[in-house]
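All values derive from a computational prediction rather than experimental measurement. These numbers come from the heavy atoms of this one structure, side chains and all, not from hydrogens, waters or symmetry mates.
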Amino acid sequence: MSAGTAPAPNVAAVSGHTIAGVPGRFVLDARANHLVTDSRFGPGESIQAGELLLSALASCAMANFEANATELELPLAGIRVEASHARGSEDPTRYDFTRVTITTSGVDQAAADILCERFVATCPIYNTIRRGSGIELTVLAS
């Protein structure tokens, strides 16, 4: 894809560039949005790549739960997601684990479980991680 060319339908695209004089600091561009990030070897002030991965997972979970609750007419009042992972202890090119806890409010555990099943069945971020290094998912209704 050349600069200025729109991505094909169903294709997400992000570009990035370095900042002169600031090793380990980058700017990411997604459509008209811009985000400053740091490598784990950089200044450490901005969100890092692994945190971006967890952020994408959390965002997808919340969007998925919310949309499915609306479709199923469930009284979902709120969603909280906590996601974490650990860089591989034996192989630093992988994560030893990825953990996700989704806490819902306004629905009971049975409804939260239905929303979880739909999330697991449709989220490409969750399933890519699960198939790669495995992923643990916990859903809680409060």
Side-chain angles (χ1 to χ4, degrees), residues 1 3 5-142:
M1 180 172 71
T5 302
N10 206 28
V11 174
V14 175
S15 61
H17 62 272
T18 58
I19 298 174
V22 188
R25 169 78 35 101
F26 316 109
V27 176
L28 299 176
D29 306 302
R31 299 180 326 278
N33 302 290
H34 313 286
L35 176 67
V36 175
T37 68
D38 284 347
S39 82
R40 62 188 179 108
F41 306 110
E45 300 164 347
S46 294
I47 193 167
Q48 297 175 354
E51 295 163 330
L52 288 168
L53 177 66
L54 293 174
S55 297
L57 181 60
S59 181
C60 191
M62 290 185 284
N64 193 294
F65 269 60
E66 192 174 73
N68 281 303
T70 298
E71 180 183 325
L72 297 172
E73 299 181 352
L74 296 173
L76 183 66
I79 311 158
R80 179 174 178 81
V81 177
E82 296 179 29
S84 62
H85 58 210
R87 185 173 283 278
S89 52
E90 293 182 27
D91 179 357
T93 67
R94 298 177 56 93
Y95 293 110
D96 281 341
F97 66 83
T98 300
R99 293 189 181 119
V100 179
T101 300
I102 302 170
T103 303
T104 61
S105 57
V107 297
D108 62 14
Q109 188 64 50
D113 289 342
I114 290 168
L115 294 172
C116 181
E117 289 171 12
R118 285 182 164 223
F119 165 65
V120 168
T122 60
C123 178
I125 298 167
Y126 172 86
N127 283 293
T128 298
I129 295 169
R130 180 181 61 83
R131 290 179 188 119
S133 61
I135 188 167
E136 296 175 28
L137 174 64
T138 304
V139 176
L140 305 170
S142 65

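- Nearest heavy-atom pair, I125 versus C60, reported as atom, atom and distance to 0.1 Å: CD1-CB, 4.0 Å.
- Contact detail for I47 and S55: the closest heavy-atom pair is CD1-OG, 3.6 Å.
- Across every non-hydrogen atom of H85 and T98, the tightest pair is CB-OG1, 3.8 Å.
- Under the 4.5 Å side-chain criterion, counting only non-hydrogen atoms from C-beta, L115 is not in contact with V139.
- When side chains are defined from C-beta on, V81 does not count as touching F65, because their heavy atoms never get closer than 4.5 Å.
- The ring pair (Phe, Tyr, Trp, His ring centres under 6.0 Å) test applied to Y126 returns F119, not counting sequence neighbours.
- Rounded to the nearest 0.5 Å, atoms CZ (R80) and CG (L140) are 12.0 Å apart.
- For T122 (side chain) and R118 (main-chain N/O), a donor-acceptor pair under 3.5 Å exists by modelled atom type.
- Applying the salt bridge (Lys or Arg N to Asp or Glu O under 4.0 Å) test to pairs two or more places apart or on separate chains, those with a residue in residues 10-38 are R25-D38, R25-E45.
- Checking side-chain atoms of T18 against main-chain N and O of G24 turns up no donor-acceptor pair under 3.5 Å.
- In this structure, R94 CZ and R87 CZ are separated by 12.5 Å, a value rounded to the nearest 0.5 Å.
- N68 places a side-chain N or O within 3.5 Å of a backbone atom of N64 that can act as its donor or acceptor partner.
- For the pair L52/L35, a side-chain contact is recorded, criterion being any heavy-atom separation below 4.5 Å from C-beta on.
- Not a single donor-acceptor pair under 3.5 Å links the side chain of R99 to the backbone N or O of T138.
- In this structure, P43 and V22 have side chains that are in contact, with non-hydrogen atoms separated by less than 4.5 Å.
- Between A112 and T104, the shortest heavy-atom distance links the atoms CB-OG1, 3.7 Å.
- The shortest heavy-atom contact between C116 and L137 is SG-CD2, 3.5 Å.
- Here the straight-line distance linking atom CD1 of I79 with atom OG of S105 works out to 8.5 Å at 0.5 Å rounding.
- Residues F41 and P23 have side chains not in contact (no heavy-atom distance under 4.5 Å, counting atoms from C-beta outward).
- For D96 against G88, the heavy-atom pair with the smallest separation is OD1-CA, 3.3 Å.
- More than 12 heavy atoms of other residues, nucleotides or ligands lie within 6.0 Å of CD in Q48, so this atom counts as buried by the packing criterion.
- The distance from atom CG of L57 to atom OG1 of T128, rounded to the nearest 0.5 Å, is 10.5 Å.
- Residues I114 and V107 have side chains not in contact (no heavy-atom distance under 4.5 Å, counting atoms from C-beta outward).
- A donor-acceptor contact shorter than 3.5 Å is absent between the side chain of N127 and the backbone of A121.
- Atom-to-atom distance recorded for Y95:OH and S84:OG is 11.5 Å, nearest 0.5 angstrom.
- Side-chain contact between L28 and S15 is absent, with no heavy-atom pair separated by less than 4.5 Å.
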